[in-house]
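Beneath this line is the structure, given in structure tokens, with notes to follow.
Computed over heavy atoms, backbone and side chain alike; hydrogens, waters and symmetry mates excluded. Since the model is a prediction, treat every value here as computed from it, not as a measurement.
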Amino acid sequence: MTHVICGVDVSATTLDARIGRDGEHCRFDVSTEGLDDLVVFCHAHQVSLVVMEATGGYERRPAGHLWAANLPTAIVNPRAVRDFAKAMGWLEKTDRIDCGLIAWYAETKRIQPTPPASATQARLTALVRRLRQLTDLRTQQTNQRRLITKPAVLDSFGPILAAIVTQQRQLETLIAQAIGDDPLWTRLDAAFRTIKGVADRTVARLMAEMPEIGTLSNKAVAKLAGLAPIARDSGQHSGKRRVRGGREPVRSILFVIAEVVRRYDPDFVAFHQRLSRAGKPNKLIRIAIARKILVRLNAKAREVRNNTALPA
């Protein structure tokens, strides 16, 4: 059976779809009618896989609509597609060209469908991301207030900060309830907290942004979080191995708690001392501790999953 791939280039208002590398092209609006037309277009061409780039969240609605219509859909990294296009000699970039390149990339890389998150997982992720947005907003407002000296202007910060704090507490309650209502999440929560320094927000961030934890190898989970050093060696040259990419929300919170964990956990205290005596830079040490924390969390999650009998 022929494996027909439809590449879709996503924007805020339109979807450009192409069958294969250079097949039929069509543009659809991002609306209920437009998405229904995209489904009809895919069925008419016997599409077996729809592929689109991650586009800051704009891809979620069309991907969900396609899955609901029994059309397997995959979300791919836009940088990987762009690098592939350049490697193939395509420097031009338009929506009509991009959708064909996405399909070509998916065919070459043998991309597999990306199943949508469950309703409970999607809800937890939305709650955790909103809490982080409010935390960032609170930090911004607090920093801005420090620069203000006029009493009339200072008074305007109070109601805003109070409203932010109220919403943060509401979200924290909802997140705790969501974790408590899921048997697996409850067990993971208890296991993660055995590491001193891992608390509410770290647990919630891991469950929301890295639901795969405990199902991957330690090397894979470190790379997924962007905490795995990337080799840059050539011939006699051995370059610095920096971390890059990955899931920033997970990496950033592990980087923060690394400073706490290394003070209280004997194993991490010894690890920090060993790297310090070796003359390693402070930032490198902190990243190494963050990676070690993630590896330990992954091991705990694997143990929980292995010991938890999930319903068939």
Side-chain angles (χ1 to χ4, degrees), residues 1-30 34-35 37-117 209-212 215-217 219-226 228 230-232 242-248 251:
M1 182 179 295
T2 303
H3 185 47
V4 180
I5 298 175
C6 177
V8 177
D9 186 72
V10 180
S11 73
T13 57
T14 60
L15 303 169
D16 282 81
R18 187 179 294 280
I19 304 300
R21 173 182 171 184
D22 51 10
E24 184 178 345
H25 166 270
C26 195
R27 171 170 285 190
F28 305 94
D29 293 331
V30 179
L35 293 172
D37 290 341
L38 174 59
V39 170
V40 172
F41 176 79
C42 291
H43 283 314
H45 290 85
Q46 298 181 331
V47 169
S48 55
L49 178 66
V50 182
V51 183
M52 58 186 69
E53 296 172 326
T55 319
Y58 288 119
E59 77 283 355
R60 293 173 194 156
R61 184 183 178 188
H65 197 94
L66 290 164
W67 272 106
N70 296 319
L71 280 167
T73 304
I75 310 297
V76 296
N77 188 323
R79 183 172 63 186
V81 177
R82 190 69 244 157
D83 289 346
F84 172 80
K86 291 177 181 177
M88 293 301 182
W90 282 88
L91 303 182
E92 300 86 352
K93 179 173 172 54
T94 68
D95 294 343
R96 290 176 64 95
I97 292 174
D98 286 352
C99 54
L101 287 170
I102 292 169
W104 189 13
Y105 168 82
E107 179 184 4
T108 304
K109 293 288 291 182
R110 298 181 181 179
I111 296 297
Q112 298 299 311
T114 309
E209 302 291 353
M210 190 173 281
E212 307 94 337
T215 65
L216 304 173
S217 69
K219 288 185 178 179
V221 80
K223 194 167 186 179
L224 188 62
I230 306 299
R232 290 183 60 84
R242 306 180 188 276
V243 297
R244 57 173 289 183
R247 297 186 184 173
E248 185 274 335
R251 182 174 64 253

**OP:** Show your working on side-chain contact (heavy atoms from CB on, under 4.5 Å) between Arg242 and Ile230 and close with a plain yes or no.
**Re:** CA-CA 6 Å; Arg242 306 180 188 276; Ile230 306 299; over 6 Å; no
**OP:** State which residues pass side-chain contact (heavy atoms from CB on, under 4.5 Å) with Arg96; sequence neighbours excluded, sorted by chain then number.
**Re:** Asp16, Arg18, His25, Thr94
**OP:** With sequence neighbours left out, write down each residue that passes side-chain contact (heavy atoms from CB on, under 4.5 Å) with Gln112, or none if nothing qualifies.
**Re:** none
Original post:
Between Val39 and Leu66, is a side-chain contact (heavy atoms from CB on, under 4.5 Å) present by the stated rule, with each step listed?
Top reply: CA-CA 7 Å; Val39 170; Leu66 290 164; 4.0 Å; yes
Sequence neighbours excluded, which residues qualify as salt bridge (charged side-chain N to carboxylate O under 4.0 Å, His left out) partners of [X]?
X      : value
Asp37  : none
Asp95  : Arg27
Glu209 : Arg129
Glu24  : none

Atom of [X], atom of [Y] and distance for their closest heavy-atom approach:
X      : Y      : result
Ala74  : Pro113 : CB-CA, 4.0 Å
Leu38  : Ala17  : CD1-CB, 3.9 Å
Glu53  : Ile75  : C-CG2, 4.1 Å
Cys42  : Cys6   : SG-SG, 4.1 Å
Arg251 : Gly226 : CD-O, 3.3 Å

What donor-acceptor contacts under 3.5 angstrom involve side-chain atoms of residues 100-110, with partners at least two apart or in another chain?
| unit_1 | atom_1 | unit_2 | atom_2 | d |
| --- | --- | --- | --- | --- |
| Thr108 | OG1 | Trp104 | O | 2.9 |

**OP:** Can you measure from CG (Leu49) to CD1 (Ile111) and round to the nearest 0.5 angstrom?
**Re:** 8.5 Å
Subject >> Distance, nearest 0.5 Å, that separates CG of Leu216 from CE of Met210 >> reply: 8.0 Å
Subject >> Trp90 atom CH2: more than 12 heavy-atom contacts under 6.0 Å >> reply: no
**OP:** Could you walk me through whether Val10 and Val30 pass side-chain contact (heavy atoms from CB on, under 4.5 Å), step by step?
**Re:** CA-CA 9 Å; Val10 180; Val30 179; 5.8 Å; no
What residues, two or more places apart in sequence or in another chain, satisfy side-chain hydrogen bond (donor to acceptor under 3.5 Å, both in side chains) together with [X]?
X      : value
Asn77  : none
Thr215 : none
Asp98  : Lys93
Arg247 : Glu212

**OP:** Tell me, with the steps shown, if Thr14 and Asp29 meet side-chain contact (heavy atoms from CB on, under 4.5 Å).
**Re:** CA-CA 5 Å; Thr14 60; Asp29 293 331; 4.3 Å; yes
**OP:** Enumerate the residue pairs fulfilling ring-ring contact (aromatic ring centres under 6.0 Å, His included) with a member in residues 41-66, sequence neighbours excluded, ordered by first and then second residue.
**Re:** Phe28-Phe41, Phe41-His45
